Undergrad: 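Have a look at the structure that comes next, please.
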Protein chains: 2
Amino acid sequence: MAEKRYRIGEFAKLVGLSAYTLRYYEDQGLILPQRDDNGVRFYTTHDIRWVGFILHLKGTGMRLNDLKRYVRLRAAGDSTIPERRAMLQQVKDDAEADIAELQMHLKVLSHKIDWYDGKVDQTIADSESFHDYLQKFQDRG
Amino acid sequence: MAEKRYRIGEFAKLVGLSAYTLRYYEDQGLILPQRDDNGVRFYTTHDIRWVGFILHLKGTGMRLNDLKRYVRLRAAGDSTIPERRAMLQQVKDDAEADIAELQMHLKVLSHKIDWYDGKVDQTIADSESFHDYLQKFQDRG
DNA sequence: AAACACCTTCAAGTGCACTCTAAGGCAAGG
DNA sequence: CCTTGCCTTAGAGTGCACTTGAAGGTGTTT
């Protein structure tokens, strides 16, 4: 039994990308769908997995250019595994740094929300500025 | 004793934005520096704090347009506090959702790195695909 | 026969947030 | 006097990742 073939429209819905974007990614060398006798693209479950992985990489902030390099390395065979591993590690480290920064900003945001609540229910003096209020939570080295 | 006045160049270095960007933000109504007798901008510690807060908001993913709205509300007085609070809450919720998604992507990335490690030190069968390997960590509902 | 989904190439448009240039002018410091 | 740093307006350029359009073609389905 042959594997199911998805044409671009169906596949687009399946992976949540537009047909435009799928062709664009193909142009960029990120995806290599097969063609039927009429030259029409078709995708298989193999492509579903690959696009899924691409979306994970993009989701962690990887750029198209880096993704292209990754694809080139992949095509070059197992000898490039260390380099690919290093790329992923870099992306991972960057993403973790982004998260840490995001959480730092969120902390201030949360304090500001608390401060608004305090202002509204009068548990924070009308005169106390947010800046003064923030000092209370400042981590001092 | 009068408060220290920072001209745009010095202030730019202080807050980590370019003078271009500071003028741009002023155009957009986000910052309102004062002017000396010659029409030259100057900023004070008050502006340092305000820009600092702007950067926290931007750091959590808030858009300039929303920032503008926030500034307009702020200028309209304390009666807009509930609305401002709601904006911040929205930004916070969005940022937290972003973090959750990022972490989900990171998880897959980490597994891929582990898989590479397993391939290199032969603890993962040469034949085992990443997709099969991933199944082991799949959370099943 | 018409509608539909697909195909091609090439180029232009979109959105966001800057980033920089041009061109001309003012004021303080060395 | 000259350099440095600032001022103005208006507009163009940048980077990224799409997104769309034009314009013409093929094959399948109703």
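Remember, predicted model here, so these are calculated numbers, not experimental data. The chains referred to below are lettered A, B, ... by the order of the sequence lines, with proteins before strands, and numbering in each begins at 1.
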Undergrad: Should B/Lys58 be listed as having a side-chain N or O under 4.0 Å from OP1 or OP2 of C/dC18?
TA: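 So the side-chain polar atoms of B/Lys58 do come within 4.0 Å of the phosphate oxygens OP1 or OP2 of C/dC18, strictly under.
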
Undergrad: Distance check needed: C/dC7 P versus A/Gln34 CD, whole Å only.
TA: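 Spelled out: CD on A/Gln34 to P on C/dC7 is 14 Å.
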
Undergrad: Using whole Å, what does the distance between atom C1' of nucleotide D/dG27 and atom CZ of A/Phe42 come to?
TA: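 Atom-to-atom, A/Phe42 to D/dG27, this comes out as 16 Å.
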
Undergrad: Considering residues, nucleotides and ligands other than B/Lys68, do more than 12 of their heavy atoms fall under 6.0 Å from its NZ?
TA: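 Result for NZ/B/Lys68: enclosed.
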
Undergrad: Report the distance from atom CZ of A/Phe11 to atom C1' of C/dC7, rounded to the nearest whole Å.
TA: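 Between C1' of C/dC7 and CZ of A/Phe11: 18 Å.
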
Undergrad: Look at the side-chain N and O atoms of A/Arg63 and state whether any lies under 4.0 Å from the OP1 or OP2 oxygen of D/dC16.
TA: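 False: A/Arg63 side-chain N/O out of range (4.0 Å or more) of D/dC16 OP1/OP2.
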
Undergrad: Mind calculating the distance between CD1 (A/Ile8) and P (D/dT28) to the nearest angstrom?
TA: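 Rounded to the whole Å, the gap is 18 Å.
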
Undergrad: Taking C-beta and beyond as the side chain, do B/Thr44 and B/Gln34 meet within less than 4.5 Å on heavy atoms?
TA: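 B/Thr44 reaches B/Gln34 side chain to side chain.
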
Undergrad: Give the rounded distance in Å between these two atoms: CG of B/Asp36 and C1' of C/dA27.
TA: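 Roughly 10 Å, once rounded to whole Å.
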
Undergrad: Near DNA chain C, which residues from residues 15-31 of chain B have a heavy atom under 4.0 Å away?
TA: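 Result for residues 15-31 of chain B: B/Tyr20, B/Thr21, B/Tyr24, B/Tyr25, sorted by number.
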
Undergrad: Is it true that B/Glu128 and B/Lys119 have a side-chain N and a carboxylate O under 4.0 angstrom from each other?
TA: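 No, B/Glu128 and B/Lys119 are not salt-bridged.
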
Undergrad: If you assign each of B/Asn65 and B/Asn38 to its closest nucleotide in DNA chain C, which residue comes earlier from the 5' end?
TA: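 It is B/Asn65, whose closest nucleotide lies nearer the 5' terminus.
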
Undergrad: Could you give the CZ-to-C1' distance, from A/Arg7 to D/dT26, as a whole number of Å?
TA: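 Rounded to the whole Å, the gap is 11 Å.
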
Undergrad: Cation-pi check for A/Trp50 against A/Arg74: NZ or CZ below 6.0 Å from the six-membered ring centre and within 45 degrees of the axis, yes or no?
TA: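 Here A/Arg74 passes the 6.0 Å and 45° test against A/Trp50.
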
Undergrad: Can you measure A/Lys13 atom NZ to C/dA5 atom C1' for me and round it to whole angstrom units?
TA: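 Computing the A/Lys13:NZ to C/dA5:C1' distance gives 11 Å.
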
Undergrad: Looking at CG of A/Leu109 and CE of A/Met104, how far apart are the two atoms once the value is rounded to the nearest 0.5 Å?
TA: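 Spacing of CG (A/Leu109) from CE (A/Met104) equals 12.0 Å.
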
Undergrad: Examine B/Arg85 relative to A/Tyr116 and say whether NZ or CZ is less than 6.0 Å from the centre of the six-membered ring and inside a 45° cone about the ring axis.
TA: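 Not satisfied by the 6.0 Å and 45° rule.
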
Undergrad: What is the distance, rounded to the nearest whole Å, between atom CG of B/Leu67 and atom C1' of C/dC18?
TA: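 Rounded to whole Å, this separation is 14 Å.
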
Undergrad: Quick check with a 6.0 Å cut-off and a 45 degree axis cone: is A/Lys107 positioned over the face of A/Phe137's six-membered ring?
TA: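 No; the conditions do not both hold, so A/Lys107 does not lie above the ring face of A/Phe137.
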
